[in-house]
Amino acid sequence: MGAVRYRAVKGTRDLLPPESERFADAEATARRVFGSYGYGEARTPCLEATDLFARSVGETTDLVHKEMYTFLDRKGRSLTLRPENTAGVVRAVIENGLATGPMPLRLWYAGPQFRYERPQAARYREFRQIGAELFGVPGPAAEVELLTMLFAFLGALGFKALTAALNSVGTARSRETFGKALKAYLEPRSSGFGEDDRRKLAENPLRLFDSKDPAVRAALEGSPRTVEFLDAESRRHHDDVRRLLAGARIPFRDEPSLVRGLDYYTRTVFEVVSADLGAQDAILGGGRYDNLVESLGGPPLPAIGFAIGEDRLLQAAPPPAPSRALLLVLPQGPEDLDEALRLAGDLRSGVSGAVEVDLLARGFKKGMARGNALFEEASALGLDREKIYAVLMGPREREEGTVTVKRLASGDQETIPRSGVAGWFEGRT
Ligand code: HAM
C-alpha cells in the first residue's frame, strides 16, 4: 500500500448515491418547471477572465476581495473559477449576440461555483447553484414571472412555508446617496469596528450589511434604510412589484435592511432564508441588475435573476417520497446467469426503476440477504418498499421454464411462466 492518502480538497465534497440522486432530481425538476415557463438552459464555462467578476460583482465586495479562486494560466492571463454564474451568463449573452436578439430572453442554469470561504455547515468552497436570468423586461411583470416560477419550483420540491424577503436598492445614483448617508451615520459609531469593516466603511458602506460582527450589527440598528433614498421611479416600481406580487399570492415580506452582497443590483432584491438551516443562511438570493449588460459592453438591457444554493436547498428540503422500484434478479448458480441477464434485459424496458442482476451468482440465500438489506434502507435510497422484488432463477425454474417472484414487503412468492414475467410486472412497478 502506498503511503499517500488523497482526500477531497478542503471545502469540497463527493456527491455519491443516494445523495447524488437528490441533486439530479432537483435539477430535473428545475428543467421541467423552468422549461414550462420558456426558459432554456445555459451552460457557461467554470473559468472566466478575473476582470469579468471584478467589474460585475464589484471590486470591494467580499466575494471579489477575498473569496475568489484566482490564478495565472501558463500564458500569464488572470483567470478565476466562477464564484457565481450571472456574470458568465451576461458575458455569454453579449458575446453570442443574444443581447440584441428577440426579447424577453429567458435562461436557466445549474452547476458548480467556487468561493474561498470558511467551510462550515451548508457552506462549501465548491457548491452548486440552480439559477435563472430574465433579460429585456424593465417592468414589474419580470419580478412577478421570476418569483412565481421560483415558488413553483420550491413547491415542486415540497417546500411549503417559505417567504421571500424583499427590498429595493434603487438606482446606482440613489444607492450612492444612500451610501453617503449611511457612512455619515456610521462614522461616529465605528470605533468598535474591525479593520475589514473600516475598509468597507471607507470604500463601499453598503457592504457593511454583509458583516456578521455584532459591533457592526448594533451600529446598523436605526441606520438609514435604502427605501428612504429611492428616486420617484424606483419607488413606483417597488410599489408596483409589491402590489403585483401580493395579487399573485407570492409569499413575501419587506426587509428594509436587505442589500445583498453583490454590487450589480438595481431596484428589486430578494432572498429566501430557511429556519431549517440553523444559521441565518439564505437558500437563495436574487434581484434586478438593469445596468450590468451595458457595463459589460452590451446594449442597455434590463435584467433580473436568482440563484439557489442547491446544497443548502437539499439540506432544508423535505425528504422526497421514495418512489423507485427495484427488481433483483437472482441466479442460483453460474449456469443460471445467462438466462438471468437475458430476462433482466427484457424487464428493463417495461419496469420504471432498476433491474439488477446478481452478477456474482452467489445463490438465493446471499441474494436475498442483500435484498433484505436494501429493503431496510429503502427510504434513504429513494426506493418504494412496496415495489422491491426478487426474481429467483434456479435449476427448478430452468427445468420448468418459469421464474419465482418474491415481493419483499409481504414475503409472498409466486412461480410464473418465464414468458409471462414482463406482463406480471406491468402495473406493479
Ligand atoms: P449569492 O447570494 O451570492 O447570489 O448566492 C446565491 C446562493 O448561493 C446563496 O443564497 C446560497 O444559498 C448559495 N451559496 C453561496 N455561497 C455558498 C457557499 N459557500 N456554500 C453553499 N452555498 C452557497 C448570486 O450568486 C447571484 N448570482 C444570484 C443572482 C442571479 N442574482 C441575479 N441573478
Side-chain angles (χ1 to χ4, degrees), residues 9-13 15 23 26 34 39 42 44 48 52-53 56-58 61-69 81-93 105-135 137 142-143 146-147 149-150 154 159 162 164-165 167 169 207 209-210 258-274 276-293 296 302-317:
V9 170
K10 185 174 176 186
T12 72
R13 67 204 177 112
L15 292 181
F23 278 73
F34 300 168
Y39 286 67
T44 64
E48 297 277 359
L52 175 71
F53 301 111
S56 54
V57 173
T61 58
D62 281 351
L63 195 58
V64 170
H65 196 70
K66 45 189 184 191
E67 294 172 1
M68 295 209 301
Y69 279 93
L81 283 174
R82 63 180 183 196
E84 61 102 59
N85 215 351
T86 305
V89 167
V90 170
R91 182 210 38 78
V93 162
L105 171 65
R106 297 177 167 95
L107 296 169
W108 74 277
Y109 52 81
Q113 319 292 331
F114 305 85
R115 296 184 189 181
Y116 195 87
E117 291 193 82
R118 196 195 305 270
Q120 58 185 62
R123 178 166 301 153
Y124 307 97
R125 289 182 173 172
E126 181 188 27
F127 60 98
R128 280 140 282 262
Q129 283 185 343
I130 296 177
E133 313 289 350
L134 167 62
F135 297 90
V137 183
E143 274 86 345
L146 204 76
L147 283 157
M149 180 172 90
L150 172 62
L154 294 171
F159 284 99
L162 293 177
N167 195 23
V169 294
R207 296 282 66 90
F209 282 102
D210 310 333
L258 179 69
V259 297
R260 306 263 307 124
L262 307 120
D263 278 349
Y264 51 61
Y265 291 113
T266 54
R267 298 192 171 157
T268 310
V269 290
F270 54 90
E271 266 180 16
V272 172
V273 174
S274 164
D276 299 338
L277 280 176
Q280 280 292 301
D281 277 330
I283 45 177
L284 66 93
R288 201 172 252 292
Y289 47 96
D290 288 343
N291 301 329
L292 183 59
V293 178
L296 292 180
I304 181 169
F306 62 75
I308 304 164
E310 198 179 352
D311 309 76
R312 291 184 187 175
L313 178 81
L314 292 180
Q315 228 154 309

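As the structure is a computational prediction, the values presented were derived from the model and not from experiment. Atoms within each ligand, like the ligands themselves, are counted from 1 in listed order.
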Closest approach of any protein heavy atom to [atom], naming residue and atom:
atom: atom 26 (C) of ligand 1; answer: Tyr264 OH, 3.3 Å
atom: atom 14 (N) of ligand 1; answer: Phe127 CE1, 3.4 Å
atom: atom 30 (C) of ligand 1; answer: Thr86 OG1, 2.9 Å

Taking only heavy atoms of [X] into account, list the atoms of ligand 1 that are under 4.0 Å away from them.
X: Ala307; result: 6 (C), 7 (C), 28 (C), 29 (C), 30 (C)
X: Arg123; result: 19 (N), 20 (N)
X: Gly286; result: 31 (N)
X: Tyr265; result: 26 (C), 28 (C), 29 (C), 31 (N), 32 (C)
X: Glu117; result: 16 (N), 17 (C), 18 (C), 19 (N)

Can Asp311 be said to touch ligand 1, with heavy atoms closer than 4.0 Å?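 Checking ligand 1 against Asp311, which is what was asked, there is no heavy-atom contact under 4.0 Å.
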Test item: [X] side-chain N/O and [Y] main-chain N/O as donor-acceptor pair under 3.5 Å:
X: Arg288; Y: Thr268; result: no
X: Arg207; Y: Thr61; result: no
X: Arg312; Y: Ala282; result: yes
X: Asn291; Y: Tyr264; result: no

So which bit of [X] gets within less than 4.0 Å of ligand 1, heavy atoms only: side chain, backbone, both or neither?
X: Arg260; answer: side chain
X: Leu262; answer: side chain
X: Glu133; answer: side chain

Could you report the tightest heavy-atom contact between [X] and [Y], atom names first, then the distance?
X: Gly285; Y: Arg260; result: C-NH2, 3.4 Å
X: Asp311; Y: Arg13; result: OD2-NH2, 2.6 Å
X: Arg123; Y: Arg118; result: CD-O, 3.5 Å
X: Tyr289; Y: Glu133; result: OH-OE1, 2.6 Å
X: Phe23; Y: Glu310; result: O-OE2, 3.2 Å
X: Glu126; Y: Pro112; result: OE2-CB, 3.6 Å

Can you check which of [options] brings a heavy atom nearest to [atom]?
atom: atom 20 (N) of ligand 1; options: Tyr124, Tyr289, Phe114, Phe306; result: Tyr124
atom: atom 21 (C) of ligand 1; options: Gly309, Gly287, Ala122, Ser56; result: Ala122
atom: atom 9 (C) of ligand 1; options: Ser274, Ala282, Ala132; result: Ala282
atom: atom 27 (N) of ligand 1; options: Gln129, Arg115, Glu84; result: Glu84

